[in-house]
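Notes follow once the structure below has been shown.
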Amino acid sequence: MNLSEVRNAISEKKICVLIPTYNNEKTLKRVIDGVLDYTEDIIAVNDGSTDSTKEILRSYSQIEVIDLPENKGKGNGLKTGFRKAKELGYDYAITIDSDGQHYPDDIPVFVEALLNEKEDVLLIGNRNMSQDGIPKKSSFGNRFSNFWFWFETGIKLEDTQSGYRLYPLHKIPKKYFTPKFEFEIEIIVRTAWRHIPVKNVPVKVLYDPAERVSHFRPFKDFTRISILNTILVTITLLYIIPRNFVNNFKKKSIKRFIKEDVLESDGSNRIKAFSIALGVFVGFSPFWGFHTLIVISLSVLFKLNKVLAFFASNVSLPPFIPFIIAASLFLGSPFVHGDSNIFSQELNFDLVKNNLLQYVIGSFILATSASAILGVATFLFLNKVSPDKN
């Protein structure tokens, strides 16, 4: 795209450029001047800077400037900018850091990528963190972030930490819970949970230690990010994956669900059978309340099919619980000299409590036996109806 086409597209798609800044007086002017080559639709958020940032911004009468009285973190600055952008009628915001690591001449990359999409999308600049000159701690932090983003959303990206992004303003969440660097993780995960595509686009990056001022505090911010990921993973396991599974099931007929989510799901027939076996084992195990967390975690650990494992773990649905308890107590009785005549007694939690060891042993016997039988049966069934292609 030539410059005129980029300018026209920015105007037609109602795109603004959002620049959050805090004490980056050495690089701020260069960033703003570079962005002005493409558009004057700029919102700069001065997050309580104590250097000459305010004076620099005052020299640009053509851009929107927001001065915050005190520094509250990058996340707070971005949230403030997003609100202002929507008030001014913009549909998209390209965010660019003011520390000089991003090249404004990559703005056309985001614009062209947006034009090529048929739906709203959140774009993140891929800085190619493996190139020479990238600090090792930054490269490690990015790989760490990429892994947890994939775990929480199922989307594989090469760069999830870049601040050079294009946000669809009317598709991102309206409320947030984090104010600092971890905000940029929260927003992409929660946007992906809303079924908005999140993709990388290639951008250049400059790490100049003589000019660049980073406000990332390794221990404090890494701790905050780790706490956030712990919360997001818990929500993923206990709510997002079950929600997606149920919604996917509701949208399809049983025949279509079996065909697409079982027969044509990821993995060989052996992997699918192991996934079913794992789900059944966990479903019959005595870890009530933690079945989803355990089955998804083990599926990820052993690289099994999470959907099939979760589906199979629901053998312990409420209507089946009395039968599972009865069978577990019956199978466990020979090993602890317990009462095998449990079918003549009332099945309740007091019975389990009074025969806990008998129940635990029996439940593991039931889980092991049922998972082995159903795993083998699944493998034979799949090999018959949909043989693996060599």
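Numbering starts at 1 and runs along the sequence shown.
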(request) Please say whether more than 12 non-hydrogen atoms of neighbouring residues, nucleotides or ligands are located less than 6.0 Å from CZ in R270. (result) no

(request) Start with the C-alpha distance between I365 and F335, add both sets of side-chain angles, then the distance that settles side-chain contact (heavy atoms from CB on, under 4.5 Å), and finish with yes or no. (result) CA-CA 11 Å; I365 294 173; F335 297 91; 3.3 Å; yes

(request) Find the distance between NE2 (H170) and OH (Y90) and round it off to the nearest 0.5 Å. (result) 12.0 Å

(message) Quick one about N23 and T50 (side-chain donor to acceptor, distance below 3.5 Å, no hydrogens or angles considered), yes or no?
(response) yes

(request) Might you work through the side chain to side chain donor-acceptor pair (under 3.5 Å) test for N76 and Y176, ending with a clear yes or no? (result) CA-CA 9 Å; N76 182 67; Y176 305 93; over 6 Å; no

(message) Please determine whether side chain to side chain donor-acceptor pair (under 3.5 Å) holds for the pair T160 and N146, giving the CA-CA distance in whole Å, both sets of side-chain angles, and the decisive distance to 0.1 Å.
(response) CA-CA 6 Å; T160 53; N146 294 348; 2.7 Å; yes

(request) Taking all heavy atoms of D41 and all of I15, pick out the closest pair and write down the distance. (result) CB-O, 3.8 Å

(message) To check you understand the geometry: which heavy-atom pair defines the closest contact between L123 and A113, and what is its length?
(response) CD1-CB, 3.7 Å

(message) With a 6.0 Å cut-off (strictly less than), is the heavy-atom count around NZ of K171, excluding the residue itself, greater than 12?
(response) no

(message) Atom CZ of residue position F147 - does it have more than 12 heavy atoms of other residues, nucleotides or ligands inside 6.0 Å?
(response) yes

(message) Can you confirm whether F274 is buried at CZ, in the sense that more than 12 heavy atoms of other residues, nucleotides or ligands lie under 6.0 Å from that atom?
(response) no

(message) For D51, is there an ion pair with K26 - N to carboxylate O distance below 4.0 angstrom?
(response) no

(request) State which residue, out of R127, R165, K199, fulfils the salt bridge (Lys or Arg N to Asp or Glu O under 4.0 Å) condition with D159. (result) R127

(request) Evaluate side-chain contact (heavy atoms from CB on, under 4.5 Å) for Y38 paired with D105, printing each intermediate quantity in order. (result) CA-CA 8 Å; Y38 298 94; D105 62 12; 3.3 Å; yes

(request) Apply side-chain contact (heavy atoms from CB on, under 4.5 Å) to S49 and E25, showing your working. (result) CA-CA 9 Å; S49 297; E25 60 183 2; over 6 Å; no

(request) Considering only NZ, NE, NH1 and NH2 on the basic side and carboxylate oxygens on the acidic side, decide whether K54 and D67 come within less than 4.0 Å. (result) no

(request) Using the side chain to side chain contact (heavy atoms under 4.5 Å, CB included) rule, pick out the option among I94, T95, D97 that qualifies with Y164. (result) I94

(message) Hydrophobic cluster membership, with links at side-chain heavy-atom distances under 4.5 Å among I/L/V/M/F/W/Y: are I271 and V376 in one?
(response) no

